[in-house]
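Okay, structure first, notes after.
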Amino acid sequence: MSNKISIFLSPPHMSGKELEYIKLAFESNYIAPVGEFIEKFEQSVCDFTKAKYACALVNGTSAIHLALRILGIGEGDKVLASTFTFIGSVTPILYQNAEPIFIDSDESWNIDPNLVEDAAKKEKPKALIFTHLYGQMAKIEELKQLADKYSFYLIEDAAEALGATYKNRQAGTFGDFGIYSFNGNKILTTSSGGVLVSHDKEWIEKAKFLSTQAKETFLWYEHREVGYNYRMSNILAAIGVAQMEVIEERVRRKREIFNTYKKKLSDIADFMPEIEKSRGNRWLTTLTFKDKEPLSVLKYLKKYGIESRPLWKPMHLQPVFKNAKAYANGRSEELFKKGLCLPSGTQIEDKQIEFIINKVKEC
Ligand SMILES: Cc1ncc(COP(=O)(O)O)c(C=O)c1O
């Protein structure tokens, strides 16, 4: 038996229109960086999410970095952040020389609003970056109330959650800023890419300015502040336009995949919950085993060419953040020890899911 992976965790799934749109970009010779697909892509994200303004960028991490920079967060400022997340959510706090303070999860697996309140009282943070983990909504109403009560900015990391909703409103549109990732493994992809959204026109104009090296509108190259080379290229935006056309279909299939696993494996595992009145996009099917050891399951699946992955290792347990403060309750550590992500690509066949389920059971 070979160890070669044949069923990936969450591979790209093209809609079929991508090459057609890339060809249009080539024909106009707007290869990079500017071109009409960038605006079209931003508009399609706004149309779908109902965010007012959007800025297309090279990835989700740069979107979080720009949000912090535009909110004026810098040295001496404290930023609360989900500990149970991917590192790209929080390293931008360090890029800005601010201090990350990590907050643990509650029974929803997402950030615990009670711990946020404890930290807000003591730390006087300037902002909170929280993740809608694996595509499921965090407790957004409680978090918004806390942001108002303790006067901090809210940055919604919806990198994994495009298409998730709470009371029919899209993830990423509740906070001062929202961000989406279009990395290769996300529900939609531009190979690599990100979008920053906000209700504030000036902030998004500033993001466009800073992401193009802060070039002033002079005939020559004039720069009065430090910017970045963060703007998305026209070619990747062309892929993004084609991808946005199929978002609802992708969410439907992700949820179907999740429901199939859940139905057949709930005697041996618990699955990530969804908060009331929300619809997760079920980007990845994630579970914790009642008895099995997740790394043994991972290795066993690998023998059959099936890719699986442990849940995120919490940020407050990462060596790189060993000196950071954390409001921890053991929840994310426990999830990390017991959990696994199963293949959730939207092109997976039902018989492949069946095969995976059988292999998990027999391990
Ligand atoms: C929760 C979360 N935040 C941020 C990011 C960063 O996005 P990107 O990889 O596009 O920089 C990712 C994923 O990659 C993510 O999963």
Side-chain angles (χ1 to χ4, degrees), residues 8-12 41 45 54-69 79-96 100 102-105 108-111 127-138 140 143 154-164 171-172 174-175 177-197 207 211 228-233 236-237 239-240 243 254 272 280-286 309-316 318 320-321 332 335-336 339 341 344-345:
F8 290 92
L9 195 70
S10 184
F41 178 48
V45 171
C55 175
L57 297 162
V58 287
N59 51 43
T61 310
S62 60
I64 295 173
H65 186 198
L66 285 178
L68 290 169
R69 165 85 190 262
V79 179
L80 307 183
S82 302
T83 192
F84 198 31
T85 190
F86 175 67
I87 194 160
S89 187
V90 294
T91 35
I93 302 168
L94 300 187
Y95 302 167
Q96 285 301 104
F102 295 114
I103 310 290
D104 219 319
S105 303
S108 70
W109 296 30
N110 269 309
I111 196 165
L128 163 68
I129 303 176
F130 68 97
T131 298
H132 295 297
L133 194 72
Y134 298 119
Q136 275 62 256
M137 295 295 299
I140 185 66
L143 297 173
L154 216 47
I155 301 172
E156 252 187 290
D157 182 345
E160 304 169 355
L162 183 69
F174 295 82
F177 279 109
I179 77 103
Y180 306 106
S181 168
F182 288 79
N183 188 22
N185 62 5
K186 295 298 183 290
I187 188 163
L188 299 185
T189 183
T190 54
S191 79
S192 138
V195 173
L196 180 67
V197 295
S211 63
Y228 314 91
N229 187 4
Y230 277 175
R231 197 78 162 114
M232 181 180 270
S233 89
L236 299 196
I239 301 174
Q243 287 275 286
K254 287 273 189 194
M272 183 174 177
N281 72 6
R282 295 296 183 191
W283 167 52
L284 293 181
T285 290
T286 52
R309 196 197 278 164
L311 300 183
W312 300 127
K313 181 174 177 181
M315 292 301 118
H316 72 280
Q318 298 287 355
V320 68
F321 289 122
S332 59
L335 288 165
F336 169 61
C341 309
S344 311

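As the structure is a prediction and not an experimental result, all values here were calculated from the model. Just so you know, residue 1 is the first one in the sequence shown, and it goes up from there. Start at 1 and go down the list; that is how both ligands and their atoms are numbered.
Annotation: atom 8 (P) of ligand 1 to nearest protein heavy atom, Gly60 N, 3.4 Å. For atom 14 (O) of ligand 1, the nearest protein heavy atom (residue, atom name, distance) is Lys186 NZ, 2.9 Å. The single protein non-hydrogen atom nearest to atom 9 (O) of ligand 1 is Asn183 ND2, 3.8 Å, given as residue, atom name and distance. At the top of the distance list for atom 12 (C) of ligand 1, counting protein heavy atoms only, stands Phe86 CD2, 3.4 Å. Ranking protein heavy atoms by distance to atom 16 (O) of ligand 1, first place goes to Glu160 OE2, 2.6 Å.
Ser332 pairs by the side-chain contact (heavy atoms from CB on, under 4.5 Å) definition with Thr83, Phe84, Asp104, Ser105, Pro314, His316, not counting sequence neighbours. With sequence neighbours left out, Phe8 forms a ring pair (Phe, Tyr, Trp, His ring centres under 6.0 Å) with no residue at all.
Panel note: side chain Lys186, backbone Ala159; no donor-acceptor pair is recorded below 3.5 Å. Checked by atom type and distance alone, the side chain of Asn185 never pairs as donor or acceptor with a backbone atom of Leu9 at under 3.5 Å. With Gln318 contributing its side chain and Lys313 its backbone, the two residues share a donor-acceptor pair below 3.5 Å.
When all heavy atoms of Thr131 and Glu160 are compared, the closest pair comes out as CG2-OE1, 4.5 Å.
Between Tyr134 and His132, the distance from one ring center to the other does not fall under 6.0 angstrom. Taking the ring centroids of Phe41 and Phe182, they lie under the 6.0 Å cut-off.
Contacts with ligand 1 closer than 4.0 Å are made by side-chain heavy atoms of Asp157 only, the backbone lying farther away. Both the backbone and the side chain of Thr61 come within 4.0 Å of ligand 1, counting heavy atoms alone.
Ligand 1 places these atoms under 4.0 Å from at least one heavy atom of Thr85: 1 (C). Each of the atoms 2 (C), 3 (N), 4 (C), 5 (C), 12 (C), 15 (C) of ligand 1 lies under 4.0 Å from some heavy atom of Ala159. Ligand 1 places these atoms under 4.0 Å from at least one heavy atom of Thr131: 1 (C).
In this structure, Gly193 has a heavy atom closer than 4.0 Å to ligand 1.
In terms of polar-atom proximity, defined here as any N/O pair under 3.5 Å, Ser181 does make such a contact with ligand 1. Close N/O approach between Trp283 and ligand 1 is not found [any backbone or side-chain N/O within under 3.5 Å].
Between atom CG of residue Leu66 and atom CD1 of residue Ile155 there is a gap of 10.5 Å, rounded to the nearest 0.5 Å.
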